[in-house]
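We count ligands from 1, going down the list as the structure has it; atoms in each ligand are counted the same way. Here the structure is a predicted model, which is why all the values come from computation and not from measurement.
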Amino acid sequence: MKKITVIGSGTMGNGIAHTFAQHGFEVALVDVNPDTLAKAVQTIAGNLERQVKKGIIDDQQKTNTLKHITTFTDLKTAVVDADLVIEAATENRDIKLNLFKQLSDYCKDGTILASNTSSISITQIAAVTKNPGNVIGMHFMNPVPVMKLVEVIRGYATTDAVTQTIMDLSRQLDKDPVEVNDYPGFVANRILMPMINEAIYTLYEGVAGVEEIDTVMKLGMAHPMGPLQLADFIGLDVCLAILNVLYNGFGNPKYAPCPLLVNMVAAGHKGAKSGSGFYKYTAGSKDLVVAYKFKQK
Ligand code: NAD
């Protein structure tokens, strides 16, 4: 396992590329959007600099890590010689199925095809490829260079050998992998997203404000971050997409996304990455300023 291709250079893709490159792998980072790719390389450089300042890595490691990353906008060129492809594109079923169909044609035999999806069925993704046994979920957490967990999701057809390879590879990245089965939301988001959705309902119904809700959960439950700030950090569009997968997958109204979340995403307030969600985000400022006021229901 030497050459890794990461598809999608957004929040997760740049973190996954950073982590593999830091551990000596050759990384091809591909995105349909050249601006996002350029921004991803800047983000990785900035995050490496932070690691240098904290004494986690030295300057030489920072330089080497950046040298290990090459960017592409053409999928075929980026994946032809990959040993492992990790798809971290937008959380949309059609986009992922289309990508995996192409990967099945472009990749060499034996390439493991992994998805970083938060909730979409690995079994359905695998079913559009020629070799479903080689398809697996490799669900990293945000921020990838920091968070220890990798949720490794076995699709219906995923082989034991592929699962073992991905478990071992995760440990090589200094992560702690946990193997789970392929049902909507897997484990992490099946538990996390209903909590975030309930926090948004609590706000929507006017029970309390943004800061009050987050403070209750931080101080009362010892969560490092409140659920509304976490939702902003994950991306409100990503949260909405995951809730829809849970809702449709289980057919249970308890997973129905809160109308306020639906509205905020429709209005383009997608959280930290768009500059505004429950809080406002200004480049260079770490202050938490509430963006959502009780102006509407
Ligand atoms: P994002 O919106 O930040 O980035 C997605 C990127 O994919 C964009 O840059 C977009 O241009 C690119 N893209 C879309 N279609 C593409 C294609 N056909 N080929 C190449 N690139 C394409 O999203 P994100 O938050 O990084 O999420 C990516 C994946 O990771 C999703 O499946 C999401 O569910 C999952 N995930 C997200 C988080 C999180 O905290 N945000 C955590 C774990 C897993």
Quick one: side chains of residues 238-258, donor-acceptor pairs under 3.5 Å with protein atoms, not counting sequence neighbours, listed by atom name and distance.
from	atom 1	to	atom 2	distance (Å)
Asn244	ND2	Leu240	O	3.4
Asn248	ND2	Asn244	O	3.0
Asn252	OD1	Lys254	N	3.0

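Proximity to His139 (heavy-atom distance under 4.0 Å) selects the following atoms of ligand 1: 43 (C), 44 (C). Every atom of ligand 1 is numbered from 1 in the order shown, and the set under 4.0 Å from a heavy atom of Gly8 is 7 (O), 21 (N). Heavy-atom contacts of Lys96 reach the following atoms of ligand 1: 31 (C), 32 (O) (cutoff under 4.0 Å).
Of the candidates Ser119, Pro143, Ala89, the one placing a heavy atom closest to atom 29 (C) of ligand 1 is Ala89. Nearest to atom 11 (O) of ligand 1 by heavy atom, out of Asn33, Asp31, Asn14, is Asp31.
Looking at ligand 1, you won't find any N or O of Glu87 less than 3.5 Å from one of its N or O atoms. No N or O atom of Phe140 sits closer than 3.5 Å to an N or O atom of ligand 1. Geometrically, ligand 1 and Val30 share no nitrogen or oxygen pair separated by less than 3.5 Å.
Using modelled atom types, one finds no donor on one side chain facing an acceptor on the other under 3.5 Å when comparing Asp160 with Gln164.
For the pair Tyr183/Thr123, no side-chain contact is recorded, criterion being any heavy-atom separation below 4.5 Å from C-beta on.
Among Lys67, His68, Lys2, Lys3, the one residue that satisfies the side-chain hydrogen bond (donor to acceptor under 3.5 Å, both in side chains) test with Glu26 is His68.
At a 4.0 Å cut-off, not a single heavy atom of Gly235 sits close enough to ligand 1 to count as contact.
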